[in-house]
Amino acid sequence: MSLNFRFAVVSDLHLALPQTIRDTVSRFHLVEVSVAALEQVLAHLVTLELDFLLLPGDLTQDGEPENHHWLAQRLQQLPFPTYVIPGNHDLVAPVELSRFAGYYRRQGYQDSNQPYYACLPLPGLRLIGLNSNAFCAETGRQLGRLDDEQLRWLEAVLNSSQSLTTLVMVHHNVLEHLPGQASNPLGRRYLLENADTLTSILRRSGVKLVFTGHLHAQDIAHSYDLYDITTGSLVSYPHPYRVLTYRATTSGAELDVDSHRVEALPDWPTLQQTSREWMGQHSASFMLKLLTQPPLNLSIQESEPLLAQLRYFWATVAAGDARFSFPDFPAPVRQYFERFNDLPPADNQATLQL
């Protein structure tokens, strides 16, 4: 049977109803626009005759029941099915795992006691939604990890029918989207701790497409025959979302990736410019850590003169398809930051051969 379908991905909504918004000086994202941005995106998506919509985690600001209830009810009003998974902001304590599944029984979860699922959005197509949120038993610290029980369940599901085309959705990245991401403490927290185990299972079963979030950046990573398509946050510059078309071909299949942005909102007529400036203003401490921690290990005195040229560095990475040139930087620093120049495939508009 030839599969042809169209779907959308909207990630890291960080939905916050006005009465739930809490301000923190360090946050990169603009939760103030979350409801209006989502409504604009949904208004566009309902015109496209989609087969389904994926939301790969961080649905709410910080797991507020009020925000979860609102979102679940709003998604039920759409003319196409929506499938969700939890992000780290949706589960701020272990007890909330079962509550999350209970909120979204019509968005993938049929068993409220199990925070992961498999379903058939279309004949011949299987979607697997994973939970990458774990908690350290000793410290209570939140981890990006798939527990052993979930991995065994995943292998059993994949082995149950290898004739199905399978899409996987998980919040944490499974492939590196930034150079040295797995070895850098600042980047490692966005990567699944046991990503190698997961990717091995997926490759053995012929899975080629994984959809992630968490990083708040537009990027498509490719390793062998596996693609990790991560989508930036709807409440962070550049406020992106994706529309994807899967087509069967004589040699296999291909996936067209078409990325869009929320350019402006009624109360935010210059959203793109304002959001980029917001990110630039709030990125100095992050960039200082990049400069002073391994592998650069610069002193603060050496780092501070470089910050002005790095003001929009993360905004450029977040937008995808990044191109950098720092001819005035010391050679090791220039080489380090120019490694962030994007590699194929393109991050925003691409056709992937599967």
Side-chain angles (χ1 to χ4, degrees), residues 1-17 33-60 65-87 90 100-112 116-129 164-171 209 211-213 229 231-235 239-248 253-266 348-349:
M1 178 175 58
S2 295
L3 267 177
N4 296 278
F5 56 91
R6 196 179 198 192
F7 63 106
V9 179
V10 187
S11 193
D12 293 72
L13 312 179
H14 291 275
L15 185 99
L17 298 173
V33 308
S34 59
V35 175
L38 178 61
E39 291 291 4
Q40 184 180 117
V41 171
L42 295 180
H44 177 214
L45 296 183
V46 297
T47 70
L48 300 181
E49 297 184 4
L50 297 180
D51 289 290
F52 55 89
L53 167 65
L54 303 181
L55 304 180
D58 276 0
L59 309 182
T60 60
E66 188 173 357
N67 291 329
H68 278 306
H69 281 299
W70 185 94
L71 180 60
Q73 291 175 3
R74 181 66 184 90
L75 296 177
Q76 289 173 29
Q77 300 168 14
L78 298 174
F80 42 75
T82 303
Y83 302 98
V84 309
I85 54 169
D90 297 314
F100 182 90
Y103 294 134
Y104 298 103
R105 290 177 183 172
R106 296 188 181 181
Q107 287 83 37
Y109 293 93
Q110 299 178 356
D111 182 350
S112 62
Y116 42 89
Y117 60 88
C119 62
L120 298 175
L122 298 168
L125 177 66
R126 175 170 52 198
L127 171 67
I128 295 177
L164 296 171
T165 296
T166 300
L167 309 180
V168 172
M169 182 168 54
V170 60
H171 187 59
L209 291 171
F211 297 91
T212 66
I229 301 174
T231 300
S233 171
L234 192 59
V235 295
H239 306 275
Y241 59 104
R242 301 187 191 269
V243 177
L244 307 101
T245 303
Y246 182 101
R247 289 190 301 272
E254 62 184 21
L255 183 73
D256 286 340
V257 181
D258 183 18
S259 296
H260 301 260
R261 295 180 176 187
V262 177
E263 297 288 348
L265 294 166
N348 287 293
Q349 311 295 331

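Values below: all heavy atoms of this structure, side chains included; hydrogens, waters and symmetry mates excluded. Throughout, residue positions are numbered sequentially from 1 according to the sequence presented.
Of all non-hydrogen atoms in V84 and Y117, the two that sit nearest each other are O-OH, 2.8 Å. Of all heavy-atom pairs between L50 and F80, the closest is O-CB, 3.7 Å. Closest heavy-atom contact between V10 and P56: O-CD, 3.4 Å. Scanning all heavy atoms of the two residues, the minimum distance from V33 to L265 falls at CB-CD1, 3.7 Å. Annotation for S233 and P240: closest pair O-CD, 3.2 Å, computed over non-hydrogen atoms. The minimum heavy-atom distance linking Y246 with L3 is given by the pair CD2-O, 3.7 Å.
Between F211 and V170 there is no side-chain heavy-atom pair separated by less than 4.5 Å. Side-chain contact between L78 and L42 is present, with at least one heavy-atom pair separated by less than 4.5 Å. By the 4.5 Å heavy-atom criterion applied to side chains, Q349 and V257 are not counted as neighbours.
For Y83, there are no ring pair (Phe, Tyr, Trp, His ring centres under 6.0 Å) partners two or more places apart in sequence or in a different chain. With sequence neighbours excluded, no residue forms a salt bridge (charged side-chain N to carboxylate O under 4.0 Å, His left out) with D258. Qualifying ring pair (Phe, Tyr, Trp, His ring centres under 6.0 Å) partners for Y241, counting only residues two or more places apart in sequence or in other chains: H44, H260. For the ring pair (Phe, Tyr, Trp, His ring centres under 6.0 Å) test, residues two or more places apart in sequence or in another chain that qualify with F52 are F5, F7. For E254, the salt bridge (charged side-chain N to carboxylate O under 4.0 Å, His left out) partners are R247, not counting sequence neighbours. For H239, there are no ring pair (Phe, Tyr, Trp, His ring centres under 6.0 Å) partners two or more places apart in sequence or in a different chain. Partners of N67 under the side-chain hydrogen bond (donor to acceptor under 3.5 Å, both in side chains) rule, at least two apart in sequence or in another chain, are T20, E64. With sequence neighbours excluded, no residue forms a side-chain hydrogen bond (donor to acceptor under 3.5 Å, both in side chains) with Q73. Residues passing the side-chain hydrogen bond (donor to acceptor under 3.5 Å, both in side chains) test with T166, sequence neighbours excluded: R126. Among residues two or more places apart in sequence or in another chain, the side-chain hydrogen bond (donor to acceptor under 3.5 Å, both in side chains) test is passed with S259 by Q218, R242.
L54 contributes atom CG, which lies 9.0 Å from atom CD1 of I85 (distance to the nearest 0.5 angstrom). One finds the CD1 atom of I229 at 6.0 Å from the CG atom of L244 (value rounded to the nearest 0.5 Å). A distance of 11.0 Å separates CG in L48 from CG in L53, rounded to the nearest 0.5 Å. To the nearest 0.5 Å, the span separating CG on L59 from CG on D90 amounts to 4.5 Å. For the atom pair L55 CG and D12 CG, the distance stands at 10.0 Å (nearest 0.5 Å). Atoms CG and CE, on L209 and M169 in that order, are 13.0 Å from each other to the nearest 0.5 Å.
When atom types are taken as modelled, the side chain of D256 and the backbone of T245 share no donor-acceptor pair closer than 3.5 angstrom. Proximity of a side-chain donor or acceptor of S34 to a complementary backbone N or O of A16 within less than 3.5 Å is detected. Between the side chain of N4 and the backbone N or O of A248 there is at least one donor-acceptor pair closer than 3.5 Å. For H171 (side chain) and G213 (main-chain N/O), no donor-acceptor pair under 3.5 Å exists by modelled atom type.
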| request: Give the C-alpha distance, both sets of side-chain angles, the deciding distance and a yes or no for side-chain contact (heavy atoms from CB on, under 4.5 Å) between V243 and R6. | output: CA-CA 7 Å; V243 177; R6 196 179 198 192; 3.7 Å; yes
| Could you walk me through whether Y116 and I128 pass the side-chain contact (heavy atoms from CB on, under 4.5 Å) check? | CA-CA 8 Å; Y116 42 89; I128 295 177; over 6 Å; no
Please tabulate, for side-chain N and O atoms in residues 102-109, each donor-acceptor pair with protein atoms closer than 3.5 Å (sequence neighbours left out).
| residue | atom | partner | partner atom | Å |
| --- | --- | --- | --- | --- |
| Y104 | OH | H68 | ND1 | 2.7 |
| R106 | NH1 | Q76 | OE1 | 3.0 |

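L164 pairs with exactly one of L120, L125, L127 by the side chain to side chain contact (heavy atoms under 4.5 Å, CB included) rule, that one being L120. Partner S11 forms a side chain to side chain contact (heavy atoms under 4.5 Å, CB included) with one of T212, T231, L234 and no other, that one being T231.
Under the salt bridge (Lys or Arg N to Asp or Glu O under 4.0 Å) criterion, the residue pairs touching residues 37-60 are E39-R74, with sequence neighbours excluded.
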